[in-house]
> 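What follows is a single structure, and I will ask about it in a moment.
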Amino acid sequence: MTDTDKIFLTQALTEARHGFDQGGVPVGAVMVRSGQIVARGRNKRVQENDPVMHGETDCLRNAGLMEDYNDTEMYTTLSPCMMCTGAILHFGIKRVVIGENINFPGNIELLLDFGVKVALADDPACKNLMAQFIRKYPELWFEDIAGRSHT
């Protein structure tokens, strides 16, 4: 984790907090290219009644079409689920910085198996925000991700 990584992860956490304030699952993401944020996203599954609108997928959607994603990095507050891992792999994002994997282990090993560089921040603010959400909205957490039989 570099100081720059911490700055971008803080931006992803800001997105997660906006989602939490809206009553949604607090997962935020930013996509970075050449040291600049090119897109932001947050889980809007609840807000938009859209089961595939996770933080990473919203971020990818907001980035729009790109000819090449190889030089982009994804910063996300929570270890990616299988769907978001698949999107990262599909678009060829080569590096992912993850805020935490305690509340949800996600698919770090799969990312690594496909050659994605992964940095795990083990960030207390990311862990605390998600834990607060799980306590406040256990039914939403179970419905969205925790109730799935696979990660």
Side-chain angles (χ1 to χ4, degrees), residues 1-133 140-141 144-145 148 150-151:
M1 287 287 297
T2 67
D3 288 341
T4 301
D5 287 338
K6 291 174 186 173
I7 290 168
F8 291 131
L9 186 58
T10 299
Q11 293 298 307
L13 184 57
T14 297
E15 291 297 320
R17 286 184 175 128
H18 287 313
F20 181 83
D21 291 344
Q22 296 169 339
V25 181
V27 178
V30 296
M31 184 184 292
V32 174
R33 172 180 268 160
S34 301
Q36 299 292 318
I37 294 175
V38 296
R40 298 168 176 274
R42 63 179 164 270
N43 186 305
K44 296 177 184 170
R45 191 186 69 77
V46 172
Q47 299 93 311
E48 296 187 10
N49 194 33
D50 184 341
V52 298
M53 191 55 65
H54 286 194
E56 299 88 342
T57 56
D58 184 42
C59 189
L60 282 162
R61 178 175 282 163
N62 291 333
L65 293 174
M66 293 183 178
E67 187 174 312
D68 189 332
Y69 296 81
N70 286 330
D71 62 345
T72 61
E73 299 174 318
M74 178 75 72
Y75 291 78
T76 181
T77 57
L78 186 66
S79 188
C81 70
M82 187 59 78
M83 178 181 67
C84 294
T85 296
I88 289 164
L89 295 175
H90 177 77
F91 288 102
I93 295 168
K94 299 296 184 198
R95 183 168 185 263
V96 178
V97 176
I98 298 169
E100 66 110 341
N101 69 339
I102 300 300
N103 288 296
F104 180 72
N107 294 278
I108 293 173
E109 291 300 320
L110 185 58
L111 291 169
L112 292 169
D113 287 348
F114 278 85
V116 176
K117 294 177 183 172
V118 175
L120 180 59
D122 195 31
D123 184 80
C126 291
K127 287 189 279 191
N128 292 337
L129 181 61
M130 183 55 70
Q132 181 182 356
F133 172 80
L140 287 178
W141 174 244
D144 185 47
I145 205 165
R148 304 295 173 230
H150 54 82
T151 55

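These values consider heavy atoms only, across backbone and side chains, with no hydrogens, waters or symmetry-generated copies.
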> Using every non-hydrogen atom in the two residues, find where Q47 and G24 come nearest and quote the distance to one decimal.
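Distance-wise, the nearest heavy atoms are OE1-CA, 3.6 Å.
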> Mind checking the CG-CG spacing from N101 to N107? Nearest 0.5 Å is all I need.
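Here the interatomic distance stands at 11.0 Å.
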> A63 and M31: which non-hydrogen atoms are nearest, and at how many Å?
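Closest pair (atom of A63, atom of M31, distance): CB-SD, 4.0 Å.
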> With a 4.5 Å limit on heavy-atom distance, are the side chains of L89 and L110 in contact?
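A side-chain contact exists here, since the closest heavy-atom pair is under 4.5 Å.
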> For D68, look at atom CG and say whether over 12 heavy atoms of other residues, nucleotides or ligands are found less than 6.0 Å away.
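Yes, because the 6.0 Å sphere around CG of D68 holds more than 12 heavy atoms from other groups.
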> Evaluate the side-chain proximity of R45 to L140: yes if any heavy-atom separation is below 4.5 Å, no if none is.
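In short, these two side chains touch, coming nearer than 4.5 Å.
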> Could you tell me whether the side chain of E48 and the main chain of D50 form a donor-acceptor pair under 3.5 Å?
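Absent.
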> How far apart are the closest heavy atoms of N62 and A39, and which atoms are they?
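Scanning both residues completely, I find the closest heavy atoms to be C-CB, 3.9 Å.
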> Evaluate side-chain contact (heavy atoms from CB on, under 4.5 Å) for N103 paired with K127, printing each intermediate quantity in order.
CA-CA 7 Å; N103 288 296; K127 287 189 279 191; 4.2 Å; yes
> Heavy atoms only: give me the nearest C84-E56 pair and the separation to one decimal.
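Of all heavy-atom pairs spanning C84 and E56, the closest is SG-OE1, 3.1 Å.
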> Under the criterion salt bridge (Lys or Arg N to Asp or Glu O under 4.0 Å), I'd like the reasoning laid out for R40 against D58: C-alpha separation, chi angles, the key distance, then a yes or no.
CA-CA 8 Å; R40 298 168 176 274; D58 184 42; over 6 Å; no
> Would you sort out whether Y69 and L60 count as a side-chain contact (heavy atoms from CB on, under 4.5 Å), showing the intermediate values?
CA-CA 10 Å; Y69 296 81; L60 282 162; 4.2 Å; yes
> Pair M53, N43 - check side-chain contact (heavy atoms from CB on, under 4.5 Å), show working.
CA-CA 6 Å; M53 191 55 65; N43 186 305; 5.9 Å; no
> Please report the interatomic distance CG(N128) to CG(D123), rounded to the nearest 0.5 Å.
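N128 CG to D123 CG: 8.5 Å, rounded to 0.5 Å.
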> With side chain to side chain donor-acceptor pair (under 3.5 Å) as the test, pick out the partner of R33 among D71, N70, T72.
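Exactly one candidate clears the test, D71.
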> For P51 and M83, which heavy atoms make the closest approach, and how far apart are they?
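Here P51 and M83 meet closest at O-CE, 4.3 Å.
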> If we only count heavy atoms from C-beta on, is the M130 to V25 side-chain gap below 4.5 Å?
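The answer is yes; the side chains approach within 4.5 Å.
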> Are F20 and Q132 close enough, and set up right, to give a side-chain contact (heavy atoms from CB on, under 4.5 Å), and what steps lead you there?
CA-CA 9 Å; F20 181 83; Q132 181 182 356; 3.6 Å; yes
> Atom OG1 in T10, atom NZ in K6: separation rounded to 0.5 Å?
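So the gap between those two atoms works out to 9.5 Å.
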> Check F133 against P26 and note the closest heavy-atom contact, atom names and distance.
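Nearest pair, atom of F133 first, then P26: CG-CD, 3.3 Å.
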> Within the 4.5 Å heavy-atom criterion, are V116 and I93 side-chain neighbours or not?
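In short, these two side chains do not touch, never coming nearer than 4.5 Å.
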> Distance from C126 atom SG to L78 atom CG, nearest 0.5 Å?
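These two atoms lie 8.5 Å from each other.
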> If the test is salt bridge (Lys or Arg N to Asp or Glu O under 4.0 Å), which one of K94, R95, K117 qualifies with E73?
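Option passing the salt bridge (Lys or Arg N to Asp or Glu O under 4.0 Å) with E73: R95.
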> Keeping the roles fixed (side chain from T77, backbone from A12), state whether a donor-acceptor pair exists under 3.5 Å.
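No; judged by distance alone, with no hydrogens or angles, the pair does not exist.
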> Once rounded to the nearest 0.5 Å, what's the spacing between atom NE2 of H18 and atom NZ of K44?
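Taking NE2 in H18 and NZ in K44, the distance rounds to 10.5 Å.
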> Can you find a heavy atom in the side chain of S79 that is under 4.5 Å from one in the side chain of E100?
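Side chain of S79 against side chain of E100, heavy atoms only: no contact under 4.5 Å found.
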> Taking side chain as C-beta onward, heavy atoms only, is M74 less than 4.5 Å from V97?
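A side-chain contact under 4.5 Å is absent here.
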> Measure the spacing between CD1 of I88 and OG1 of T57 and express it to the nearest 0.5 Å.
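Output value for this atom pair is 10.0 Å.
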> Are any non-hydrogen side-chain atoms of V32 and V38 less than 4.5 angstrom apart?
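No, side chains not in contact.
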